[in-house]
Protein chains: 2
Amino acid sequence: MTKMNCVSRKKKRLSAEQRYERLLKAATGEFLEKGYAATNLDDIISRAGGSRRSIYTHFGGKEGLFQALVTQVATQILAPVRQEPDKNKNLKESLLCFANRLVAALLSPPALDLSRLALIDGVRFPELAKAYFEAGPGAAASSLAVLFDLAMERGEIVHLDSRLAARLFVGMLRDNLYLQVLLRLREPPEQEEREELVSNAVEIFLNGITRQE
Amino acid sequence: MTKMNCVSRKKKRLSAEQRYERLLKAATGEFLEKGYAATNLDDIISRAGGSRRSIYTHFGGKEGLFQALVTQVATQILAPVRQEPDKNKNLKESLLCFANRLVAALLSPPALDLSRLALIDGVRFPELAKAYFEAGPGAAASSLAVLFDLAMERGEIVHLDSRLAARLFVGMLRDNLYLQVLLRLREPPEQEEREELVSNAVEIFLNGITRQE
DNA sequence: TTGACTTGGTACTGAAGAATACCATAATCG
DNA sequence: CGATTATGGTATTCTTCAGTACCAAGTCAA
């Protein structure tokens, strides 16, 4: 009833592509918010407009719809997580910058929703779990490992397993505060608190791996 | 039909308490394995014996059953996580010991199941999320903070926010490897790999906070 | 303009599962 | 031993929701 102008009662129809996009967008919102099982198609319909049929013609069903967006959304939402560290700065500045961006990205509402989705529905859709990890924490750790390798070559830090160190550092940023936010036990921290976390983490970690003369 | 001996067809009945316990135990298994929504009462019944009615008389329904076990199970499963660190050893030994136990506890199958449960159903049952955090990662960080305070008094480590440091260290142990296991992307690591994680984490972190003379 | 095709909206079907009703029987007590 | 109560087992109801069928109304092409 939303789109008819009162007299002529035209029910506007969208093109296949427009409908496809609107469905995908609505579904993304619903699935991210509530997870696969708790989302019902009617809610998606009412957000996207159109009819039940369109879901089946375009995606083949609930599962098809979910899978169509999973990988795409995962890589998209986690794009900020994957930003390459700046190799020109010195290690401390690179680390600080990298960590700040990573923490902000991980604590952003869409990324939090996606993390929950991956944990909740990763059992039913293993590709989701895989896509999430590889597009997010995995990619972040890989970039970081490169940074550590460089610093090692320059003799700034001690010799160590760079991939292991990267894993640990990324984990450290995903600390108990992050866990509390993920569990909805508290609100995401503001800039100030995020920076306190990051500066302390970088301070300790960097001090821990810096070569002592 | 399981419990009758062929001739006299005696259907053994259990006392209220025994039935209560068996239901609780069966429900724990099912809920931990599959989460709240995916668990159905029939499966619990068939594991525990008895009838649907007994669930309603004892617990009032599915929700009642779930809530009856949630807090109890959380504190029980996470008991190993909460072991007090040994304050007589030096800091490095204490940390190593603490971290080894924590990692082993967090990566144990029941704790992994519980973590998933808290993340999945923490939305519907906030007490679960709260109980999980406080009985697990929160408690671990608290113990650790005490250890850091002691070391600070003894001048072994630099002056820092012990609670923040504890948060970070616990997070570091919950690294990408842990995340992969949680997402079921890989099997829990064996002793050897766990020790590699722990020794590196302790090495870096301790080095990062040790007072330099 | 008209007929073929597509899409929107609604109604129906079937399955899953929670909650409830009912009956027969075991346990308990007078 | 018989009456009362509680429990086990089964059948039934009710709700939710994915998937499908169908009709009407819009769109497009000849």
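Model, not experiment: these values are computed from the prediction. The sequence lines fix the lettering, A, B, ..., with proteins before strands; numbering per chain opens at 1.
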To the nearest angstrom, the CZ-C1' distance between Arg19(B) and dA26(C) comes to 13 Å
Whole angstrom value for the distance that separates C1' of dG8(D) from CZ of Arg22(B) = 13 Å
For Glu196(B), what residues pass the side chain to side chain donor-acceptor pair (under 3.5 Å) criterion, not counting sequence neighbours?
-> none
All side chain to side chain donor-acceptor pair (under 3.5 Å) counterparts of Asp121(A), not counting sequence neighbours | none
Among residues 51-68 of chain B, which residues get a heavy atom nearer than 4.0 Å to DNA chain D?
-> Ser51(B), Arg52(B), Arg53(B), Ser54(B)
Sequence neighbours excluded, which residues qualify as salt bridge (charged side-chain N to carboxylate O under 4.0 Å, His left out) partners of Arg116(B)?
-> Asp113(B)
Those residues that, when tested against Phe133(B), pass ring-ring contact (aromatic ring centres under 6.0 Å, His included) (two or more places apart) = none
Salt bridge (charged side-chain N to carboxylate O under 4.0 Å, His left out) partners of Glu192(B), counting only residues at least two apart = none
Tell me, please, which residues at least two apart from Asp149(A) pass side chain to side chain donor-acceptor pair (under 3.5 Å).
-> Ser162(A)
Could you pull out all residues at least two apart from Asn176(B) that satisfy side chain to side chain donor-acceptor pair (under 3.5 Å)?
-> Arg174(A)
So, with a heavy-atom separation below 4.0 Å from DNA chain C, the residues of residues 31-45 of chain A are none
Of Glu193(B), Glu195(B), Arg194(B), which meets side chain to side chain contact (heavy atoms under 4.5 Å, CB included) against Val103(B)?
-> Arg194(B)
Atom CD of Glu30(B) to atom P of dG17(C): distance rounded to whole Å?
-> 12 Å
